[in-house]
Number of protein chains: 2
Amino acid sequence: MTSKQEFIEKLRNSSLRPTKQRINICEVLFNRDKTFHFTINDLFNLIIDKTGEKVSLATVYNTVHAFHKKGYLKEIPINSNQTYFDTNVTDHHHFFDVKEEKLIDIKNEDVGPIEIQKSIPGKKIKSVEVLVKLED
Amino acid sequence: MTSKQEFIEKLRNSSLRPTKQRINICEVLFNRDKTFHFTINDLFNLIIDKTGEKVSLATVYNTVHAFHKKGYLKEIPINSNQTYFDTNVTDHHHFFDVKEEKLIDIKNEDVGPIEIQKSIPGKKIKSVEVLVKLED
DNA sequence: ATCTTCTTTAGAATAATTATAAACAACGAA
DNA sequence: TTCGTTGTTTATAATTATTCTAAAGAAGAT
Ligand SMILES: [Mn+2]
Ligand SMILES: [Mn+2]
Ligand SMILES: [Zn+2]
Ligand SMILES: [Zn+2]
C-alpha cells in the first residue's frame, strides 16, 4: 500500500500541486504491486471505476505527460493508434501480444547485454529497447 | 535501376492492378540503392516532386498498406505522430535520432543474436526488434 | 481573509488515418 | 475492338487520439 504522502511527493517533484484529481490519478497509477502498462484511455476509465470520481481527460493527459517528463512513467515504442505508457521506469524490454494488444515485461537479465557494434558520429545512445512481437 | 516489370510484379503479388498512380508510387519506393525510411507524408510529397504527377493521399495510404500486408514494406515501431515505414524488409534494427526524427538502419550482425530467456505459453515469437534512441 | 498563481474542465481545434461513393480505368470474354 | 465486369482514383467527409483555450474554481502564501 503506497501512501498518499508518496503521491504528493511525486506530484511536487513534477511541479504539480497535489489536487484531488491528481491524487486519484496516482492511486490508479502507483498503488499496485506489478508493473502497469496502459493507454490514456485505459487510465481514464480505471480512475472512474476505482475511485468513483470523475476526472477530465485533459487532466489525465497533462498529469501523465508531467510524470513522463519527470521520469515517473515510461513511453513504450509500439505502433498503435494509442500511446502506451509503463509504470516500470527501470531499463527493461517488452513482449507485445499483437492479438490481445497487450504488453508484457521482459526483465533486462532475460535478454542479456545488447552490444551495438555501430555508432553515429556526434550522437550518443539514450536508450536501447527490444520489442518482441508475439503471435499465436 | 529497377524495371517497371518488377513494379508490376510486386503490384500483382499484392493483388493490385498496375495503374499509373501505383507505378509512380513504386518508382519512389523501390527505385533506389539504399534503404528508405519514410512516413506517408514524406512519400506523398516525394511522388509529386519526382514524378511530377499528382496522386491522391488515399491511394498512397491504400497502396502502402497493401505492400505492408504483403511484406514488401516494414512498419517501424516508434512513437511518433506519424507512422514510419521501411523498404528494407530484412531482419534488422534501428537508431532513431530523436532530434532529427530520422531512422538509421543497424544491420543484424551489428547487434548480434538476441536471446530472449522468457516465453509466453501458447504464443510464439513473430519478430524481435531493437530500437536505439540517439541524442546529441 | 485576500491576493496571486495554478488547476480543472467542457468544448473547440488539430492532425493522422480511414471510410464513402461517384467518376474512371483495367481486364477478359466475346 | 467492344462490352461488361470488376477494381481504382479521388475529393471529400468521418473518425479518433491528442492538444489547445479560456472561464470558473482551488491551492498556497501573507
Ligand atoms: Mn509524452
Ligand atoms: Mn499497416
Ligand atoms: Zn514495461
Ligand atoms: Zn530500416
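Side-chain atoms are counted along with the backbone in the values below, which use heavy atoms only and exclude waters and symmetry mates. We name chains A, B, ... by the order of the sequence lines, and we start the count at 1 in each one.
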For A:Asp42 and D:dT18, give me the distance from atom CG to atom P, rounded to whole Å.
11 Å
DNA chain C: 5'-most and 3'-most nucleotides touching chain A, 4.0 angstrom heavy-atom criterion:
C:dT5 to C:dA10
In whole angstroms, the gap separating P of D:dG7 from CG of B:Leu16 amounts to 12 Å
Find the distance B:Leu57:CG to D:dA13:C1' and express it as a whole number of Å.
14 Å
Whether over 12 other heavy atoms sit under 6.0 Å from B:Lys50 NZ:
yes
Nearest-Å distance, CG (A:Asn62) to P (D:dA22)?
16 Å
Give B:Thr39 one of three labels, base, sugar-phosphate or nothing, depending on what nucleic acid heavy atoms sit under 4.0 Å from its own.
nothing
Could you list all N or O pairs between the protein and nucleotides 24-28 of chain D that sit under 3.5 Å apart?
residue: D:dA27; atom: N3; partner: A:Arg17; partner atom: NH1; Å: 3.4
residue: D:dG28; atom: OP1; partner: A:Arg12; partner atom: NH2; Å: 2.5

In whole Å, I'd like the distance from the CD atom of A:Gln82 to the P atom of D:dA17.
5 Å
Any chance the side chains of B:His37 and B:Asp105 put a donor and an acceptor closer than 3.5 Å?
yes
Taking B:Phe44 as the fixed residue, which of B:Ile47, B:Ile48, B:Asp42 is the one that meets the side chain to side chain contact (heavy atoms under 4.5 Å, CB included) rule?
B:Ile48
Global bending angle along the helix from C:dA1-D:dT30 to C:dA30-D:dT1, which compares the axes of five pairs at either end, to 10 degrees:
30°
For B:Lys102, look at atom NZ and say whether over 12 heavy atoms of other residues, nucleotides or ligands are found less than 6.0 Å away.
no
Assign each of A:Ala58 and B:Ile40 the nucleotide of DNA chain C bearing its closest heavy atom; nearer the 5' end lies the nucleotide of A:Ala58
Flag yes if more than 12 heavy atoms outside B:Glu135 fall under 6.0 Å of its CD atom; otherwise flag no.
yes
Evaluate the ring planes of B:His68 and B:Phe85, with Trp represented by its six-membered ring, and classify them as parallel (under 30°), tilted (30 to 60°) or perpendicular (over 60°).
perpendicular
Would you indicate, yes or no, if D:dT18 has its OP1 or OP2 atom less than 4.0 angstrom from a side-chain nitrogen or oxygen of A:Tyr61?
yes
Output the distance between atom CG (B:Leu103) and atom OG1 (B:Thr35), rounded to the nearest 0.5 Å.
9.0 Å
Return yes if a side-chain donor-acceptor contact under 3.5 Å exists between B:Thr59 and B:Asn62, otherwise no.
no
What I want to find out is whether B:Lys124 reaches A:Asp136 closely enough, with some N-O distance under 4.0 Å, to be called a salt bridge.
no
Should the ring pair A:Phe36 and A:Phe38 be called parallel, tilted or perpendicular, given that the plane angle runs from 0 to 90° and is split at 30 and 60?
parallel
Would you say that more than 12 heavy atoms from the other residues, nucleotides or ligands in this model lie under 6.0 Å from the NZ of B:Lys69, or not?
no
